[in-house]
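A quick write-up on the structure given underneath.
Lettering follows sequence order; numbering is per chain, from 1. In what follows, every heavy atom counts, from backbone to side chain, and hydrogens, waters and symmetry copies are set aside.
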Amino acid sequence: MSAAQAIQSINDFVVKFANVNGSGSASANELFARAIIRMGVPVAPRNIFPSNIQGLPTWYEVRVTGEGWLGARGGCDMMVAMNPQTWDRDVAAIDPGGYLFYDCTKPMPRSKFRDDITVLGVPLTAMCNAEYSDARQRQLFKNVMYVGALVALLDIDFEATEKLIADRYRGKDKLIDANINALRLGYDYAKKHLPCPIGLRVERSDKVGDWIFIDGNSACGLGAVYGGATVAGWYPITPSTSVIEAFASYCRKYRTDPDNGHARYAIVQAEDELASIGMVIGAAWNGARSFTATSGPGISLMQEFFGLAYFAEIPAVIFDVQRGSPSTGMPTRTQQSDLLACAYASHGDTRHVLLFPEDPYECFTLGAQAFDLADRLQTPVFVLLDLDIGMNERLCKPFDWDDERRYDRGKLMTYEDLEAGKNFGRYLDVDGDGIPYRTIPATHPTKGAYFTRGTTRNAYAKYSETGADYIYNMERLRRKFDTAKDLVPSPIVQKSSQPTRIGAIYYGSTGPAMAEAHALLEADGVHIDIMRVRAFPFCDEVMQFIADHDFVFVVEQNESAQLRTLLINEGEIDPKRLVRVLHYDGSPITARFIATRITEAASERKISPIRKVAP
Amino acid sequence: MTYLAKPRLLTADAPRNALGYTRRDYEGAISTLCAGCGHDSISAAIVQACFDLDIEPHRVAKLSGIGCSSKTPDYFLGNSHGFNSVHGRMPSVLTGAALANRNLIYLGVSGDGDSASIGIGQFAHAMRRGVNMTYIVENNGVYGLTKGQFSATADKGSKSKRGVVNSDSPIDLVTLALQLGASYVGRSFSGDKEQLVPLIKGALRHNGPAFIDVISPCVTFNNHAGSTKSYDYVREHNEAVNRVEVILPRDKIETSYPPGSLRRVVQHDGSILHLRKLAEDYDPSDRIGAINYLQGRQALGEIVTGLLYVDSSALDMHSHLNTVEKPLNQLGDAYLCPGSKVLEALNTSLR
Ligand SMILES: Cc1ncc(C[n+]2csc(CCOP(=O)(O)OP(=O)(O)O)c2C)c(N)n1
Ligand code: SF4
Ligand SMILES: [Mg+2]
């Protein structure tokens, strides 16, 4: 292939690593991504992994994006093909003019390659066998070695990479030396035998700034620590498990009593999700901030308890890291398909507060805020993220915290209030906002005790089957939900450069792809205003936004257009005005996908000017 | 429902406990259960036990599932917070409550359907975890509230009111509790107040999971001939292995028994259990022996009652978790929030 056809791009390309699950490649691949970040160039990496522990193929996709577009891009400019099992499909996946990097220890027949790509071979196995005698070392350092070669090929700063290794293994000098040695071996080989640099290159930039690199689940765990959570009940399920793992590890660090090593938190692995949410509700009833983390199947199991917490008005925080569904679905793929199951969880007339973080920064802030909202509203609050946000490291704004901020424990009737003779009706709407006062068990020896139940009761928590009591309560709950509108985070609007009658609404992990699509469409003369909703109940601005546009695309990652359904149902919107843009194959949505769909739909609706967006 | 409301009049000479409370201060709302229901006797026993132990009612959290039995927490300890949760899931709610505040007394009340049928999983795991609680199952062998279907504790061969013979094997919650690590296990009969009240008192003063299976006849659906949970049947087959007396540290009285017939157990909190032997060969400190004994006697059709097992050195869930002494629900912002400085350092490590 002539060099002219080879893809040439600085700071804008996708490198994909094809590995075998359990081969230790993850940390080497992450090293690659971080090395580029250290050069000030944003990257957006994503894991594509199977639902097993060892042996099956995994991929790690690094989008190098000088512009800072953090959504998935699609396509592949360079394949690092380290898995013989998936060789054929990996080679086929490379964009024309792209690059194939492989271990050339064993000769391969010509038919195994393509004519329209550049092939770059390094005899990794042979080099490792020569250097190391231990089988595990051969495997691990082979990974670091290919990173070394890529550093040379893509013109990544070798010293920055070295420093990264030193930072990572600080205090373990032997490991630092061994890793840098492997890195250098790969680097030197590529420099000597391959045409470095190739057409894809990383050039120093200042686009990363002070941003941090962390996965959403860790940020949720940290948010729970800052939000004051003390009790976590949980049951392992992909992709939510690492929320609890992170909470545990931050708690060990920041919540261990310095004097005696006692824990200022309690984490219990329950026997199932019924028990985990039961513990959360019990703890919250007793005045501790508590939460669980789960995914779709767990949400299904917790339904009866959600109804209890809603009706008995007990705060609880649930992190739902959504995955491919229904049923066991695609456990290691991403989707936004629990929206309706959470919004109206449990039997009867229930509705729940949902928060939609876009990235790790919002996982932290909304995660912490969820505890204030749950206490203030005395109701379950769901933080709905998904695998794409939760299990991938993402560049995001640095976390911040105002030390003046105090936890909002909501309307608590205290010992002093009771002593002063305040009228305590557990389900009495004193302030007109639908939110009653509560007492924590043991507040007062003779006043303030009440009986919590899932059955209907009157405003003073006494069992009642009277219609009027029931209606009083239901109307109050409705009022309370309306109050929530003003408390939840408001939507974020990005206007088009020109006045337009078209809008788009989206949420959560669709954010980065939508922002990029917005720019693509603008450049192509398709003008739309976009709104990212951040919570349910929908604020009035959301309905106003829909009213202000002739029609609105609702962009989301599930098959049945759940956000659209929720908007129609809650806002009594004419369904014709909300146009579905749906992505649900388990991969994260891309800007290309959104821009293409919106362009097509807009042209059907004869919106001008219309030009095709480059695919 | 012929139950008559007791007038809430305080007679000047009503006995008062060390807190100055009378028994009435430990009562709750008027029961709505059927007259003669065993569950009401258990409520009365709980009232008596708390009164005798000078427990401040508001220091008790009473939790239950769903069923006639699970309604009862409304009928005792009116000054305690109560939580009538969902069917079969009281153990997890109680566990969470106990996590939030280690200093309260947790009383779980459940039925045989609630604990052995729908809730067997949660029952088992709460025992395993060592939750510090008193867990009472009011065992009538049927679902009272849904009108008399067999529960999982109904004996094989026992007959329903309509004449149906139960063909499923029963679950014995006492044996299960012993296997799963409960550190105080007893069985009693709602009709035997003398035995039941001290058993509950010992449980309330026990550190760790205390379980009491109380056979509590359902007069409406399971008190006929052919039932093995009727008043008559239980009276005939009741074999008590011991009698318990709870001595508090403040009590100076030493009861005298013939030598060799008394066993003294000092509990974690200093209270002393005096166990008067009724069965010569029974050793309540031997978990495996207890299981064997129970199985053997059950095969003979006996209902073994008494304090069947006690381990006064048991640790509870909070010890396993190494949680702070101060209840988690009372830790202020400063104890919980690491603050902005920590966050800045964390940000740096993430670059
Ligand atoms: C999820 C669920 N399923 C079924 C029921 C109906 N139900 C209410 S009480 C009960 C059985 C209670 O039996 P038990 O625990 O033995 O209590 P008892 O009434 O005998 O004291 C059932 C099946 C329910 N409340 N919730
Ligand atoms: S139905 Fe049975 S268990 Fe229920 S209250 Fe009546 S006697 Fe008691
Ligand atoms: Mg029953």
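For NZ of Lys397(A), the number of neighbouring non-hydrogen atoms (other residues, nucleotides, ligands) closer than 6.0 Å is 12 at most. In Tyr407(A), the OH atom is crowded: over 12 heavy atoms of neighbouring residues, nucleotides or ligands sit closer than 6.0 Å. The 12-atom threshold is not exceeded at NE2 of His268(B), counting heavy atoms of other residues, nucleotides or ligands nearer than 6.0 Å. In Arg409(A), the CZ atom is crowded: over 12 heavy atoms of neighbouring residues, nucleotides or ligands sit closer than 6.0 Å.
Checked by atom type and distance alone, the side chain of His318(B) pairs as donor or acceptor with a backbone atom of Ala98(B) at under 3.5 Å. With hydrogens and angles disregarded, a donor-acceptor distance shorter than 3.5 Å links the side chain of Arg16(B) to the backbone of Gly20(B).
Heavy-atom distances place the side chain of Leu308(A), and not its backbone, under 4.5 Å from chain B. Heavy atoms closer than 4.5 Å to chain B are found nowhere in Ser290(A), neither backbone nor side chain. Proximity to chain A (any heavy atom under 4.5 Å) is shown, for Glu325(B), by both the backbone and the side chain. When heavy atoms are compared at a cutoff of 4.5 Å, Arg255(A) approaches chain B solely by way of its side chain, counted from C-beta outward. With a 4.5 Å cut-off on non-hydrogen atoms, Phe305(A) touches chain B through its side chain but not through its backbone. Proximity to chain B is absent for every atom of Arg289(A), based on heavy atoms less than 4.5 angstrom apart. Looking at Pro57(B), there are no atoms closer than 4.5 Å to chain A (heavy atoms on both sides), in backbone or side chain. Neither the backbone nor the side chain of Leu164(A) comes within less than 4.5 Å of any heavy atom of chain B. Proximity to chain B is limited to the backbone of Gln269(A), based on heavy atoms less than 4.5 angstrom apart. Residue Asp400(A) touches chain B through its backbone alone, counting heavy-atom pairs closer than 4.5 Å. Proximity to chain B (any heavy atom under 4.5 Å) is shown, for Val280(A), by neither the backbone nor the side chain. Neither the backbone nor the side chain of Val208(A) comes within less than 4.5 Å of any heavy atom of chain B. For a residue to count as touching a neighbouring chain, one of its non-hydrogen atoms must lie under 4.5 Å from one of that chain's; by this rule Pro73(B) touches chain A with backbone and side chain alike. Only the side chain of Leu63(B) comes within less than 4.5 Å of a heavy atom of chain A; its backbone N, CA, C and O stay farther away. Looking at Ser276(A), there are no atoms closer than 4.5 Å to chain B (heavy atoms on both sides), in backbone or side chain. Neither the backbone nor the side chain of Asp402(A) comes within less than 4.5 Å of any heavy atom in chain B. Both the backbone and the side chain of Leu343(B) come within less than 4.5 Å of a heavy atom of chain A.
In terms of heavy-atom pairs under 4.5 angstrom with chain B, the leader among Trp285(A), Phe364(A), Phe213(A) is Trp285(A). With chain B as partner, the option from Ile212(A), Ile281(A), Thr446(A), Asp272(A) having the largest number of non-hydrogen pairs under 4.5 angstrom is Ile212(A). Ranked by non-hydrogen atom pairs under 4.5 Å with chain B, the options Leu274(A), Ile37(A), Ile267(A), Thr256(A) are led by Leu274(A). Heavy-atom pairs under 4.5 Å with chain A were tallied for Asn329(B), Leu336(B), Thr95(B); the largest tally goes to Leu336(B). Here Asp210(A) is the residue among Thr443(A), Asp210(A), Leu395(A), Asn260(A) with the most heavy-atom pairs under 4.5 Å with chain B. Note: Arg129(B) leads Arg129(B), Gln122(B), Met317(B), Glu344(B) in heavy-atom pairs under 4.5 Å with chain A. The greatest number of non-hydrogen atom pairs below 4.5 Å with chain A, out of Leu321(B), Leu99(B), Thr323(B), is found for Thr323(B). Here Phe399(A) is the residue among Phe399(A), Tyr463(A), Tyr250(A) with the most heavy-atom pairs under 4.5 Å with chain B. In terms of heavy-atom pairs under 4.5 Å with chain A, the best-connected choice from Asn101(B), Leu94(B), Val342(B) is Val342(B).
The distance from the CZ atom of Phe76(B) to the CD atom of Gln48(B) is 14.5 Å, given to the nearest 0.5 Å. Interatomic distance, CD1 of Ile318(A) versus CD1 of Ile277(A), reported as 4.5 Å (0.5 Å rounding).
Partner of Phe247(A) under the ring-ring contact (aromatic ring centres under 6.0 Å, His included) criterion, chosen from Tyr226(A), Phe291(A), Tyr254(A): Phe291(A). Here the rule is side-chain contact (heavy atoms from CB on, under 4.5 Å) with Arg426(A), and of Phe451(A), Tyr460(A), Tyr450(A) only Tyr450(A) fits it.
Phe123(B) and Tyr135(B) have perpendicular rings, their planes meeting at more than 60° on a 0 to 90° scale where under 30° would count as parallel.
Remark: Lys326(B) does not engage Asp257(A) in a salt bridge, criterion side-chain N to carboxylate O under 4.0 Å. The existence of a salt bridge linking Arg34(A) and Asp167(A) is excluded, since no basic side-chain nitrogen approaches an acidic carboxylate oxygen closer than 4.0 Å.
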What do the steps show when you test Asp52(B) against Asn17(B) for side-chain hydrogen bond (donor to acceptor under 3.5 Å, both in side chains), and what is the final call? CA-CA 7 Å; Asp52(B) 288 353; Asn17(B) 63 13; over 6 Å; no

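Val43(A) and Ala33(A) make their closest contact through CG2-O, 3.8 Å (heavy atoms, listed as atom of the first residue, atom of the second, distance).
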